[in-house]
Amino acid sequence: MTIKEKDYFTALYEVARVINASLEPSEVLEQIAHCVTEAMDVKACSIRLLDARGKRLLMGASQGLSKGYLHKGPVLVKESGIDRGALGGKTIWIQDAQSDRDFQYTAEAKKEKIRSILVVPLVVGKKAIGVLRAYTKEERKFEKQEIRFLEAVANLSAIALDNARLYNALKTNFELLVEHKYRIDDN
């Protein structure tokens with residue numbers, strides 16, 4: 001096993017540990033973005049989640065991106081070929097985001113000094129719920145182990161989000177049940 005493979009194993013363990021430590025989605029996603037940035041030695045990482053109507057990708061968490069870049073405008077699925085592909089279940093590699101016509105914000109990528117991007121889907125069951133992106137400063141062809149690492153992190157992220165959703169639904173149902181029981185007992 002190479003040192004880099006060991007780093008990915010350690011990083012994947014760290015992601016799993018973070019996911020297991022909290023049911024607060026924003027906290028978990030921020031930690032995941034940080035872990036990915038460190039492990040893959042990339043400029044930045046973002047996790048975007050599909051809105052309820054399936055038309056936009058909303059920022060869930062990011063690491064290494066400027067506030068200006070984060071507020072560049074909405075990521076519209078219909079205008080982003082890379083995100084349509086990723087939401088369709090594919091891993092997408094963009095060699096140069098500054099000139100790729102499938103990338104929605106090429107001018108902003110240039111300003112942010114983003115070159116290559118690796119995009120993987122976040123999938124729960126058979127449904128894509130978002131995308132995980134890794135950004136580099138220079139053009140980079142990602143190695144197979146990097147791609148597999150990011151896909152594994154995306155799968156863990158999707159599970160974490162689904163667990164948090166289920167936990168919150170269970171908590172709400174429990175609170176309603178307790179409230180209902182107290183109303184019955186008071187009568």
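Computed from heavy atoms alone, side chains included, the values below leave out hydrogens, waters and symmetry copies. All of these numbers come straight from a predicted model, not from anything done at the bench.
Residues passing the side-chain contact (heavy atoms from CB on, under 4.5 Å) test with S26, sequence neighbours excluded: E24. Applying the salt bridge (Lys or Arg N to Asp or Glu O under 4.0 Å) rule to R115 yields the partners D96; only residues at least two apart in sequence or on another chain are considered. Remark: S62 pairs with S46, M59, L65, L70 by the side-chain contact (heavy atoms from CB on, under 4.5 Å) rule, at least two apart or across chains. Partners of Y135 under the ring-ring contact (aromatic ring centres under 6.0 Å, His included) rule, at least two apart in sequence or in another chain, do not exist in this structure. With sequence neighbours excluded, the residues that form a salt bridge (Lys or Arg N to Asp or Glu O under 4.0 Å) with E14 are R17. For T106, there are no side-chain hydrogen bond (donor to acceptor under 3.5 Å, both in side chains) partners two or more places apart in sequence or in a different chain. Take E139 and apply the side-chain hydrogen bond (donor to acceptor under 3.5 Å, both in side chains) test, not counting sequence neighbours, and it matches Q95. Remark: E112 engages S66 in a side-chain hydrogen bond (donor to acceptor under 3.5 Å, both in side chains) (not counting sequence neighbours). The side-chain hydrogen bond (donor to acceptor under 3.5 Å, both in side chains) test applied to T91 returns E151, not counting sequence neighbours.
Closest approach of A39 to Y8, counting heavy atoms only: O-CE2, 3.6 Å. Shortest non-hydrogen contact noted between D100 and D102 is OD1-N, 2.7 Å. The two residues P25 and L161 have their closest heavy-atom pair at CB-CD2, 4.0 Å. Across F142 and A134, no two heavy atoms sit closer than the pair CZ-O, 4.3 Å.
If you take CD on Q31 and OG on S157, they are separated by 12.0 Å, rounding to the nearest 0.5 Å. Taking NZ of K137 as the reference point, atom OG of S116 lies at 13.5 Å (rounded to 0.5 Å). Rounding to the nearest 0.5 Å places CZ of F103 at 13.0 Å from CD1 of I92.
When the options L29, V131, L57 are evaluated for a side-chain contact (heavy atoms from CB on, under 4.5 Å) with L49, the one that passes is L29. The side-chain contact (heavy atoms from CB on, under 4.5 Å) test with C45 is passed by exactly one of T37, L150, I32, V153: T37.
No continuous path of hydrophobic side-chain contacts links I159 to V28 [ILVMFWY only; heavy atoms under 4.5 Å].
Looking at heavy atoms from C-beta onward, I114 lies out of side-chain contact with T136 at the 4.5 angstrom threshold.
Y105 places a side-chain N or O within 3.5 Å of a backbone atom of P74 that can act as its donor or acceptor partner. Although no hydrogens or angles enter the test, the distance criterion places a donor-acceptor pair under 3.5 Å between the side chain of E146 and the main chain of E143. When atom types are taken as modelled, the side chain of W93 and the backbone of R140 share a donor-acceptor pair closer than 3.5 angstrom.
Listed by first then second residue, pairs satisfying salt bridge (charged side-chain N to carboxylate O under 4.0 Å, His left out) with a partner in residues 47-57 number zero, not counting sequence neighbours.
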Pair up each side-chain donor or acceptor in residues 117-124 with any protein partner under 3.5 Å, not counting sequence neighbours, and list the distances.
none

Could you tabulate the donor-acceptor pairs under 3.5 Å formed by side-chain atoms of residues 81-90, not counting sequence neighbours?
from : atom 1 : to   : atom 2 : distance (Å)
D83  : OD1    : R133 : NH2    : 2.9
D83  : OD2    : S80  : OG     : 2.6
D83  : OD2    : R133 : NH2    : 2.5
R84  : NH1    : V77  : O      : 3.2
R84  : NH1    : K78  : O      : 2.6

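Heavy atoms from other residues, nucleotides or ligands lying under 6.0 Å from NZ of K113 number 12 at most.
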(request) Apply side chain to side chain contact (heavy atoms under 4.5 Å, CB included) to L156 and L12, showing your working. (result) CA-CA 9 Å; L156 287 173; L12 199 54; 3.8 Å; yes
